[in-house]
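Just so you know, residue 1 is the first one in the sequence shown, and it goes up from there. Counting starts at 1 for both ligands and their atoms, in listed order. Heavy-atom basis, side chains included; hydrogens, waters and symmetry copies ignored.
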Amino acid sequence: MSTHILVTNDDGVTAPGLLALAQAMRTLPDVHVSILAPDRNWSGAGHVKTLDRPLRVREVALADNTPAFTSDGAPSDCVALALLGFFDQKIDLVVSGINPMPNLGHDVTYSGTVTAAMEAVIWDTPGIAFSLGSLENHLGQLDYTAAADIARQVVQTVLARHIRPPMLLNVNIPYLPAEQIRGIRITRQGLRVYRDRLDQRTDPRGRPYYWIGGDSPTGTPEEGTDVGALAAGYVSITPLTLDLTMYAAIPTLGDWGWENHRQPAF
Ligand code: MN
C-alpha cells in the first residue's frame, strides 16, 4: 500500500509554498498525496480548535491544476478533518508549509505551520513543518525550488526511518541557492528576540484602539540552535514534542510547602 501524505499550510491553499511542497511530495516513489489547506491566511494564529461553528470543505485546483481541498477552518482544523476521516485512505504523514518566513525558537506556538504538525501528533500521525528563512523585506516572488528539494530529501529520510509521535519535526531552510546551503543540522529551539511595540491610536469617534506593531523578530545565533544553524546557512531540523513541562522545576516546586498555605474553610 502506498504512503498517504497530507499537505497543508497556514498561508492558504493558493500560496506558492504549498504548491512547491505538494509538487515535491508527488515526486517521491510509492506516495499518494492529498491536499487540504485553509481558504485564507492563518499565519500567527497558533494551535486552533474551532468549536463554535461548522467547518465547510470545498474542492479547488492549485495553479498547476492539481485537485485540492480547502476549508474555512484553521490549519490545525484542516489536519483534524483529514485525520478524523475526511479522506477514505488513512493519512501516514502530515507535511505543512512551505512557510515563507522562518519559525524559530518561541515562534513555534504562534505558528500555524508548526501547529498543523502538532495537530498531527495529537492524532498519532507523524508531522513535519517546513519554513523558509526569507526576510520580511524580500521583494517579489520567492523561489521555493531549493527548499522543496530539501523537503523531499527530509521526507524521504523520515519515511525510511519512521519518526513516531509524540515527536514532530520543525524544519527551517535558509533562503539560499541549493549550492550555497551548507548541510543539515539537528538543533534545539533557540532564543528569538521579539521587538513588538504597542501603538495606541485614536479612532474617528475618539476611542482608543491598538496595533501590536514594531519590527520583525531577530534571534541569538547560538551554536546548536535553530537560529544559529539557519544564520550559518544550514538547514535546521528541530525535534519537538507537545510536552511543555519544565521537568527541572518539579523537585524545587515540590519542596515549597504548598499545603501549609491552605486557607481555613468558611
Ligand atoms: Mn504563514
Side-chain angles (χ1 to χ4, degrees), residues 5-25 35-50 60 62-63 68-82 94-121 127-148 150-151 154-155 168-175 189-190 192 194-196 211-219 226-227 230 235-238 240:
I5 299 181
L6 174 76
V7 180
T8 191
N9 74 347
D10 77 348
D11 302 308
V13 73
T14 59
L18 178 88
L19 179 63
L21 185 57
Q23 287 177 337
M25 295 301 102
I35 301 161
L36 174 52
D39 62 7
R40 63 176 178 87
N41 194 327
W42 285 80
S43 295
H47 201 165
V48 173
K49 188 194 283 274
T50 296
V60 291
L62 302 189
F69 293 94
T70 186
S71 133
D72 55 353
S76 39
D77 290 321
C78 291
V79 172
L81 278 166
V94 173
V95 296
S96 173
I98 301 169
N99 198 64
M101 305 274 292
N103 281 301
L104 304 167
H106 296 343
D107 293 345
V108 298
T109 58
Y110 289 121
S111 165
T113 309
V114 180
T115 53
M118 290 177 176
E119 185 69 17
V121 306
I128 313 176
F130 292 100
S131 306
L132 190 59
S134 80
L135 298 172
E136 193 171 43
N137 56 12
H138 178 89
L139 294 173
Q141 287 265 356
L142 287 169
D143 182 354
Y144 286 95
T145 315
I150 302 273
V154 167
V155 169
L168 58 131
L169 298 181
N170 182 30
V171 181
N172 284 277
I173 303 160
Y175 189 53
Q189 286 175 266
R192 264 300 210 190
Y194 294 100
R195 299 186 292 169
D196 296 357
W211 274 103
I212 298 176
D215 297 317
S216 53
T218 60
D226 49 8
V227 178
L230 203 64
V235 175
S236 163
I237 301 184
T238 312
L240 299 177

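- Contact check for Val171 versus Ile237: side-chain heavy atoms found under the 4.5 Å cut-off.
- Residue Asp11 approaches the Mn ion (ligand 1) most closely through its N/O/S atom OD1.
- Using modelled atom types, no side-chain atom of Asn9 and backbone atom of Leu18 make a donor-acceptor pair closer than 3.5 Å.
- Residues Leu62 and Val13 have side chains in contact (heavy-atom distance under 4.5 Å, counting atoms from C-beta outward).
- Taking the six-membered ring where the residue is Trp, Tyr194 and Tyr110 present perpendicular rings, their angle passing 60° and hence far from 30°.
- With the Mn ion (ligand 1) as the vertex, atom OG of Ser43 and atom OD1 of Asp10 span an angle of 100° (nearest 10 degrees).
- Residue contact annotation: Thr113 places no N/O/S atom under 2.8 Å from the Mn ion (ligand 1).
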